[in-house]
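A short write-up of the structure that comes next.
For the single chain, residues carry numbers from 1 onward in sequence order. Order of listing sets the numbers, starting from 1, for every ligand and every atom in it.
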Amino acid sequence: MVRVMLLGQGFAASVFAWGVMRLKKGLMEPYGIPLARVDFGVPLTSIDVVASVDVDAVKVGKSLYEVVRMYGLEPEPELREVTVMPGLKLESTPSFIKTRALDDNRSLADSLARLQEFIDEVKPHVIVDATTTARSSPLNVWEKVEDGVQKGTLPHPQVYAYAALERGDVAYVNLQPAHVACSPAYVERARTKRALVLGDDCATGATPLTVDILEHLAERGRRVLSVAQFNIGGNADFLSLTEPDRNVAKEETKSGSLRDILGYEPPHFIRPTGYLEPLGDKKFVAMHVQWISFGGFVDEMIVNMRINDSPALAGYMVDLVRLAYASLKAGVYGTVPEINLFYMKRPGPQGLKHKPKIIAYQDLLRYVRGIAAIDIVERVFEVSQIRVAG
Ligand SMILES: NC(=O)c1ccc[n+]([C@@H]2O[C@H](COP(=O)([O-])OP(=O)(O)OC[C@H]3O[C@@H](n4cnc5c(N)ncnc54)[C@H](O)[C@@H]3O)[C@@H](O)[C@H]2O)c1
């Protein structure tokens, strides 16, 4: 079984915990999981959520069963077995969250030690960061990470990733925009600790569609004049993005692909634009692209969508957990560009050029065949050893 620890028991992590249990019981179809039908040795049913961490006083101390119900979903009784434990609020947790955190009344060093003890007890194979968006800078050397952790100047995702990598033998999947897989220090540390970091910022809604549309236009020799893409939603993630620093962090990961795909950067406006409570989790996405066609004629495209934000991410989480586990088993450490390029908005490692998702998907399948082959070779080897011994 793949032991999963969730950081940030928000809507996405809750839909994930709820959905994984339903998949195991055959209560739903695996729609929205890109590699659901690809067998690389880690079945959909092998995922076990064994721990959860949050800092929201409303959630800490409750079982996953209770938290999932808070989101209006009907949970399976097994979710009573996992209780949400307190994490680190640091300076990066949004001010609208009333916290119950390890560092509410303790020193940072003590709080961090407690978190590390908890990770040691839980022994996760994969830690998934689905916490609220935090702004960060890339970190180049591990000493800077250690220094920032000690001084309390790093945002929570970078501190959680530090705690995970100090343990080693684990995969850290960063679904949010903080620089983890795009920080050379974390990737290098993961390599030396037989660990893996995947990220950063999962691409689920308009971003992957936009990059594929741009690829389509580029292949046909059309000159893109402008790209406008915005999202308005009514969930807690959108509420947090009304804080300017967090919004900039999202804008950075959403805009990065234009130059890589087109070879130039047309004028663009790509960012979450607002919080509108009645929309709930089903965000409104609008996209406008205009381009020059043969003879200077200008065409344009308008796309409107309503997307259930958190379920979209939860489906990808199922794959990311399986891929992270399979990669570690195959002895792949550091990070995996083939995974990041398909699933992430700003794929690590730092400086990696974006690819259209339709092309990244083919590369991902090749990668998956590769790690599955390693596994098969190992099994054949074991069998031949037994035969020789016999
Ligand atoms: N489609 C999507 O929903 C989508 C797509 C890509 C990326 N993301 C990213 O995934 C993350 C989660 O999205 P969501 O919709 O579940 O958001 P959410 O607001 O519902 O959940 C975030 C959770 O993180 C918790 N949290 C905040 N600070 C924390 C800390 N310091 N330690 C532990 N927990 C903390 C919050 O209390 C909350 O429960 C966000 O960062 C978002 O940017 C979401």
task: Would you mind checking if Asp147 and Lys144 are paired as a salt bridge, meaning a charged N to carboxylate O distance below 4.0 Å?
output: no

query: Is the closest basic N to carboxylate O distance between Arg114 and Glu117 below 4.0 Å?
result: no

Determine whether the side chain, the backbone, both or neither of [X] has a heavy atom under 4.0 Å from any heavy atom of ligand 1.
{"X": "Leu90", "value": "neither"}
{"X": "Lys345", "value": "side chain"}
{"X": "Thr204", "value": "side chain"}
{"X": "Asp201", "value": "side chain"}

Just to check, does [X] reach to within less than 4.0 Å of ligand 1 when the distance is taken from its heavy atoms?
{"X": "Ala236", "answer": "yes"}
{"X": "Ala312", "answer": "no"}
{"X": "Ala130", "answer": "yes"}
{"X": "Val55", "answer": "yes"}

May I ask you to decide if [Y]'s main-chain N or O and [X]'s side chain share a donor-acceptor pair within less than 3.5 Å?
{"X": "Arg322", "Y": "Val42", "result": "yes"}
{"X": "Ser92", "Y": "His156", "result": "yes"}
{"X": "Lys62", "Y": "Val84", "result": "no"}
{"X": "Tyr186", "Y": "Gln158", "result": "yes"}
{"X": "Asp129", "Y": "Val173", "result": "no"}

Mark up the atoms of ligand 1 that fall under 4.0 Å of a heavy atom belonging to [X], in ascending order.
{"X": "Asp56", "answer": "37 (O)"}
{"X": "Ile97", "answer": "27 (C), 36 (C), 37 (O)"}
{"X": "Lys59", "answer": "38 (C), 39 (O)"}
{"X": "Ser310", "answer": "3 (O), 15 (O)"}
{"X": "Gln176", "answer": "41 (O)"}

task: Over 60° means perpendicular and under 30° means parallel, so classify the ring planes of Tyr162 and Trp142, tilted if in between.
output: parallel

message: Is the ring pair Tyr71/Phe11 parallel, tilted or perpendicular, if the boundaries are 30 and 60 degrees?
response: parallel

N/O separation below 3.5 Å, [X] to ligand 1:
{"X": "Asn235", "answer": "no"}
{"X": "Leu88", "answer": "yes"}
{"X": "Phe11", "answer": "yes"}
{"X": "Ala13", "answer": "no"}

- request: Between Thr131, Thr93, Val15, Thr132, flag the one that comes closest to atom 27 (C) of ligand 1 by a heavy atom.
  value: Thr132

task: Out of Tyr316, Phe96, Tyr160, Tyr343, indicate the one that has the non-hydrogen atom closest to atom 33 (C) of ligand 1.
output: Tyr160

- request: Hey, could you give me the CG/CG distance between Asn231 and Leu241, rounded to the nearest 0.5 Å?
  value: 9.0 Å

message: Would you say Gln350 and Ser183 are linked by a side-chain donor-acceptor pair, where the criterion is simply a distance under 3.5 Å?
response: no

query: Under the criterion side chain to side chain contact (heavy atoms under 4.5 Å, CB included), which of Asn340, Asp200, Asp201 is the partner of Cys182?
result: Asp200

